[in-house]
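Numbers here simply count residues along the sequence, with the first being 1.
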Amino acid sequence: QVQLVESGGGSVQAGGSLRLSCAASGYTYSSRCMGWFRQAPGKEREGVAAINSGGGSTYYADSVKGRFTISRENAKNMVYLQMDSLKPEDTAMYYCAAVFCIVGANWYRRPLSPGEYNYWGQGTQVTVSS
């Protein structure tokens, strides 16, 4: 049974930082591409950042480039999202997602598309106040 558990969300003022963590279990973690997504009330889920299985390729939404950093520790089955210079518009539920992927997989064409992932966590809330 694949499990993804997010943590690290909370409330912060604009300009502040948070670090989200996602603990993975139940599968060969190192073979999985991972992504962070967010969904605000009344809006569609959107890709924020993604990282390939080896950690050598990362992708970011334009709205978070230069502010967010995705990373992973395969030895610990963990993926992280460091969020700096947070803005009120970053307020959302944040989800960790995973998919088995190899070089040349469709994932590399659309790493920030929710449809490319088949395992999801329950989410952690991030609230940024002005």
Side-chain angles (χ1 to χ4, degrees):
Q1 189 76 4
V2 176
Q3 279 195 320
L4 300 173
V5 180
E6 302 95 336
S7 62
S11 297
V12 65
Q13 287 192 327
S17 297
L18 284 173
R19 188 194 195 203
L20 304 184
S21 299
C22 174
S25 62
Y27 61 88
T28 306
Y29 172 73
S30 60
S31 64
R32 307 287 169 164
C33 291
M34 305 292 294
W36 284 99
F37 294 77
R38 66 186 181 188
Q39 189 167 18
K43 294 188 176 182
E44 292 187 354
R45 189 168 297 189
E46 64 171 343
V48 174
I51 188 167
N52 71 342
S53 56
S57 295
T58 57
Y59 306 85
Y60 296 94
D62 289 342
S63 58
V64 306
K65 279 181 183 176
R67 300 189 298 121
F68 290 11
T69 304
I70 188 171
S71 61
R72 65 190 296 162
E73 285 188 88
N74 285 351
K76 295 183 178 180
N77 287 4
M78 297 291 294
V79 63
Y80 307 100
L81 185 67
Q82 178 67 42
M83 304 187 295
D84 299 317
S85 302
L86 282 161
K87 303 176 181 180
E89 51 263 44
D90 294 320
T91 295
M93 184 72 78
Y94 282 71
Y95 299 89
C96 174
V99 63
F100 175 75
C101 67
I102 58 175
V103 174
N106 285 335
W107 179 88
Y108 283 89
R109 299 181 181 87
R110 301 194 306 165
L112 298 179
S113 172
E116 294 299 326
Y117 296 80
N118 50 9
Y119 298 107
W120 293 85
Q122 293 301 307
T124 185
Q125 178 68 37
V126 171
T127 302
V128 184
S129 58
S130 58

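Taking every heavy atom of both residues into account, Phe37 and Ala97 meet most closely at CE1-CB, 3.9 Å. The minimum heavy-atom distance linking Ser130 with Ala14 is given by the pair CA-CB, 4.3 Å. Heavy-atom minimum distance, Ala98 versus Leu4: N-CD1, 3.8 Å. Taking both residues in full, the closest heavy atoms of Ser17 and Ser85 are given as OG-N, 4.3 Å, listed atom of the first, atom of the second, then distance. For the pair Arg32 and Cys101, the tightest heavy-atom approach, listed with the atom from each and the gap, is C-SG, 4.3 Å.
Within the 4.5 Å cutoff, the side chain of Met83 has no heavy atoms near those of the Asp90 side chain. Counting only heavy atoms from C-beta outward, the side chains of Arg38 and Val64 approach each other to under 4.5 Å. Between Arg19 and Tyr80, the closest side-chain pair of non-hydrogen atoms falls below 4.5 Å. Thr91 has its side chain within reach of Gln125: a pair of non-hydrogen atoms, C-beta onward, lies under 4.5 Å apart.
Between the side chain of Glu6 and the backbone N or O of Gln122 there is at least one donor-acceptor pair closer than 3.5 Å. A donor-acceptor pair under 3.5 Å is absent between the side-chain atoms of Arg72 and the main chain of Gly55, judged by distance alone. When atom types are taken as modelled, the side chain of Tyr117 and the backbone of Pro111 share a donor-acceptor pair closer than 3.5 angstrom. The main-chain N or O of Arg110 is never found under 3.5 Å from a side-chain atom of Asn106 such that the two would form a donor-acceptor pair.
Pairs passing the disulfide (SG to SG under 2.5 Å) check and including a residue from residues 50-99, sequence neighbours excluded, read Cys22-Cys96. Applying the ring pair (Phe, Tyr, Trp, His ring centres under 6.0 Å) rule to pairs touching residues 42-69 yields Tyr59-Trp107, sequence neighbours excluded.
Atom-to-atom distance recorded for Ile70:CD1 and Gln82:CD is 12.5 Å, nearest 0.5 angstrom. In this structure, Ser7 OG and Met78 CE are separated by 6.0 Å, a value rounded to the nearest 0.5 Å. One distance of note links CG of Asn74 with CE of Met34; it measures 9.5 Å at 0.5 Å rounding. How far CG of Asn52 is from SG of Cys33: 5.5 Å, rounded to the nearest 0.5 Å. Taking CG of Leu20 as the reference point, atom CH2 of Trp36 lies at 4.5 Å (rounded to 0.5 Å).
Looking at Lys65 and Asp62, a side-chain N of the basic residue comes within less than 4.0 Å of a carboxylate O on the acidic one, giving a salt bridge.
Cation-pi contact between Arg45 and Tyr95: present, with separation from the ring centre below 6.0 Å and deviation from the ring axis of at most 45°.
Under the side chain to side chain contact (heavy atoms under 4.5 Å, CB included) criterion, Val12 pairs with Leu18, Leu86, Val128, sequence neighbours left out.
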